[in-house]
J.: 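Submitted below is the structure of interest, expressed as structure tokens.
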Amino acid sequence: MKIGRMIGCAILILLLGLAYFQYGKFIPTVGAAHQPLSAHEIQQLQQNKPVTSIEVFKSQRILQLKHQQEVIRSYPMRLGFDPIGHKQFEGDGKTPEGTYSIDWRNPQSAYYKSLHISYPNKQDSAYAQQQGQSAGGNVMIHGTVPTRATSVPTSATYLPRKDWTLGCIAVTNSDMDEIWQLVKDHTPIIIHP
């Protein structure tokens, strides 16, 4: 009887460990989220200090909105599931590095809202073609909770603990709301290693 319980407990522990290993990246980040901007504050920034560039620091997992050289807002973010290095091929799980721009937006994205990054550029496409592969595309800045799940009370501030995208930059849905309002199309985005 005791051996049966011990085996049952061991199996349960093993199954829980496997579940954590498989899905642990989706455990939420613990910590205080920054205070969201009010509509008035967003309007003031749009008028007095419009965003002139976005800078992404992959190693620090930080996305910054800048007016000239001044940091206006800074957001925690998550990257592709294999984030080290520049994106070269479709499905490699990497987030691009270099200078691109925001070239269109999707208000009905699968992950809340999204801003498209102009990857691949000519060099990215040429390199992938030389290797006989696709460079990929549809690299976005987007929210972290699928649109169909935004009715969950904590969905606006949910940020997974680990990187998980296919190469995109993910921020909380509430941060995506601010970025969406503050960033205009054709804004340059510089993505650092």
Side-chain angles (χ1 to χ4, degrees), residues 29 31 33-39 41-88 92-125 135-145 147 156-160 162-193:
T29 301
H34 60 272
Q35 186 68 29
L37 295 172
S38 68
E41 290 170 319
I42 288 173
Q43 183 180 26
Q44 289 297 310
L45 284 174
Q46 290 170 329
Q47 291 175 352
N48 301 323
K49 293 187 178 182
V51 173
T52 56
S53 67
I54 302 167
E55 283 203 62
V56 172
F57 298 90
K58 288 172 59 174
S59 62
Q60 298 170 336
R61 304 301 189 275
I62 296 292
L63 180 149
Q64 294 178 339
L65 302 183
K66 296 179 105 177
H67 172 75
Q68 308 303 339
Q69 296 304 312
E70 181 184 355
V71 176
I72 303 301
R73 289 294 273 174
S74 187
Y75 305 96
M77 58 157 197
R78 297 297 175 259
L79 301 167
F81 62 83
D82 187 15
I84 297 173
H86 174 59
K87 182 169 193 62
Q88 295 179 321
D92 64 8
K94 297 188 182 306
T95 302
E97 296 172 358
T99 302
Y100 298 92
S101 66
I102 300 302
D103 56 0
W104 55 271
R105 56 186 62 222
N106 182 357
Q108 298 176 343
S109 171
Y111 282 92
Y112 191 53
K113 295 175 182 171
S114 60
L115 300 176
H116 187 261
I117 298 169
S118 63
Y119 173 89
N121 59 27
K122 289 179 185 177
Q123 294 84 1
D124 298 323
S125 295
N138 280 335
V139 176
M140 309 275 197
I141 300 170
H142 61 65
T144 54
V145 175
T147 302
T157 58
Y158 170 72
L159 184 67
K162 296 184 179 179
D163 297 318
W164 59 276
T165 74
L166 298 177
C168 294
I169 297 167
V171 296
T172 68
N173 286 8
S174 61
D175 290 345
M176 191 65 223
D177 279 332
E178 287 185 10
I179 294 167
W180 180 270
Q181 293 175 76
L182 292 170
V183 172
K184 295 184 180 195
D185 289 352
H186 311 296
T187 299
I189 177 169
I190 301 100
I191 307 172
H192 303 279

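Start at 1 with the first residue, then count along the sequence.
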J.: Quick check: closest heavy atoms across P188 and T52, and the distance to 0.1 Å?
T.: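 Closest approach of P188 to T52, heavy atoms only: CD-O, 3.3 Å.
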J.: Mind running side chain to side chain contact (heavy atoms under 4.5 Å, CB included) on M176 and L115 for me, showing each step along the way?
T.: CA-CA 9 Å; M176 191 65 223; L115 300 176; 3.7 Å; yes
J.: To the closest 0.5 Å, what do you measure between CD1 (I102) and CH2 (W180)?
T.: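 Result: 10.5 Å between the selected atoms.
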J.: Kindly compute the distance separating OG1 (T95) from CD1 (I84), expressed to the nearest 0.5 Å.
T.: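 Answer for the OG1-CD1 pair, T95 versus I84, is 11.5 Å.
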J.: Where is the tightest heavy-atom contact between V139 and P96, given as atom of each residue plus distance?
T.: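 Nearest heavy atoms, V139 then P96: CG1-CD, 3.8 Å.
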J.: Can the positive tip of R78 be found less than 6.0 Å from the middle of the six-membered ring of W164, inside 45° of the ring normal?
T.: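 Here R78 fails the 6.0 Å and 45° test against W164.
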J.: Can you find a heavy atom in the side chain of R105 that is under 4.5 Å from one in the side chain of S114?
T.: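 Of all side-chain heavy-atom pairs linking S114 with R105, none is under 4.5 Å.
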J.: Using a 4.5 Å cut-off on heavy atoms from C-beta on, say whether the side chain of L65 contacts that of Y75.
T.: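 Heavy-atom side-chain distance check passes, below 4.5 Å.
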J.: Quick one: does any side-chain atom of S118 pair with a main-chain N or O of D103 as donor and acceptor, under 3.5 Å?
T.: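 Looks like no, no N/O pair under 3.5 Å.
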J.: Does the pair L37 and L182 meet the rule for a side chain to side chain contact (heavy atoms under 4.5 Å, CB included), with working shown?
T.: CA-CA 11 Å; L37 295 172; L182 292 170; 4.1 Å; yes
J.: Can you sort out the partners of E97 under salt bridge (Lys or Arg N to Asp or Glu O under 4.0 Å), two or more places apart, ordered by chain and number?
T.: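 So E97 forms a salt bridge (Lys or Arg N to Asp or Glu O under 4.0 Å) with K58.
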J.: Checking S38 now: which residues fulfil side-chain contact (heavy atoms from CB on, under 4.5 Å) with it, not counting sequence neighbours?
T.: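 Only H40, E41 meet the side-chain contact (heavy atoms from CB on, under 4.5 Å) criterion with S38.
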J.: For the CG atom of N121 and the OG atom of S101, what is their distance to the nearest 0.5 Å?
T.: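 It comes to 10.0 Å.
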J.: Would you check, one step at a time, whether the test side chain to side chain contact (heavy atoms under 4.5 Å, CB included) holds for W104 with M140?
T.: CA-CA 10 Å; W104 55 271; M140 309 275 197; 3.3 Å; yes
J.: What pairs with K184 under salt bridge (Lys or Arg N to Asp or Glu O under 4.0 Å), at least two apart in sequence or on another chain?
T.: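 Salt bridge (Lys or Arg N to Asp or Glu O under 4.0 Å) check on K184 returns nothing, list empty.
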J.: Does any non-hydrogen side-chain atom of R61 lie less than 4.5 Å from one of P76?
T.: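 When only atoms from C-beta onward are counted, R61 and P76 do not touch, as no gap falls below 4.5 Å.
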J.: Could you give the distance from OH (Y119) to NZ (K94), rounded to the nearest 0.5 Å?
T.: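 Going from OH on Y119 over to NZ on K94, the span is 11.5 Å.
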J.: Just to verify, what does E70 make a side-chain hydrogen bond (donor to acceptor under 3.5 Å, both in side chains) with, not counting sequence neighbours?
T.: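 Partners of E70 under the side-chain hydrogen bond (donor to acceptor under 3.5 Å, both in side chains) test: K49.
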J.: If you define the side chain from C-beta out and look only at heavy atoms, does anything of I117 sit under 4.5 Å from I169?
T.: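 Yes, at least one pair of side-chain atoms sits under 4.5 Å.
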J.: What heavy-atom pair brings A170 and T165 nearest, and what distance separates the two atoms?
T.: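 So the two residues come closest at CB-CG2, 3.8 Å.
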J.: Salt bridge (Lys or Arg N to Asp or Glu O under 4.0 Å): which pairs involve residues 109-123, sequence neighbours left out?
T.: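 Matches after skipping sequence neighbours: K113-D177.
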J.: Answer whether the closest heavy-atom distance between the side chains of Y111 and V145 falls below 4.5 Å.
T.: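 No, too far: nothing below the 4.5 Å cut-off.
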J.: Are more than 12 heavy atoms from other residues, nucleotides or ligands located less than 6.0 Å from atom CD1 of I190?
T.: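 Yes.
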J.: So which atom in P120 and which in A135 form the shortest heavy-atom distance, rounded to 0.1 Å?
T.: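 Smallest interatomic distance, heavy atoms only, reads CB-CB, 3.9 Å.
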J.: Which atom names give the shortest non-hydrogen contact between M77 and I62, and what distance separates them?
T.: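 The answer is CE-N, 3.6 Å.
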J.: Can you list the steps and then say if I189 with V183 is a side chain to side chain contact (heavy atoms under 4.5 Å, CB included)?
T.: CA-CA 10 Å; I189 177 169; V183 172; over 6 Å; no
J.: In this structure, which one of I179, D175, I191 forms a side-chain contact (heavy atoms from CB on, under 4.5 Å) with L63?
T.: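 It is I179; the other options fail the test.
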J.: Got a sec, which residues hit salt bridge (Lys or Arg N to Asp or Glu O under 4.0 Å) with D124, two or more places apart in sequence or on another chain?
T.: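 Checked D124 against salt bridge (Lys or Arg N to Asp or Glu O under 4.0 Å); zero matches.
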J.: So do N138 and L166 actually touch side chain to side chain, heavy atoms under 4.5 Å?
T.: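 Contact flag for L166/N138 side chains = no.
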J.: Tell me, yes or no, whether the heavy-atom count around Q47 atom CD, taken from other residues, nucleotides or ligands under 6.0 Å, exceeds 12.
T.: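 Enclosed: over 12 neighbouring heavy atoms sit under 6.0 Å from CD of Q47.
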J.: Answer yes or no: is there a side-chain heavy-atom contact under 4.5 Å between H116 and N106?
T.: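 Heavy-atom side-chain distance check fails, nothing below 4.5 Å.
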J.: Can you tell if the side chain of Q46 reaches within under 4.5 Å of the side chain of Q181, non-hydrogen atoms only?
T.: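 Yes, their side chains come closer than 4.5 Å.
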J.: Of all heavy-atom pairs between P50 and N48, which one has the smallest distance, and what is that distance?
T.: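 Closest approach of P50 to N48, heavy atoms only: CD-C, 3.6 Å.
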J.: I need the L79 CG to D163 CG distance, nearest 0.5 Å.
T.: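 One finds 4.5 Å between CG of L79 and CG of D163.
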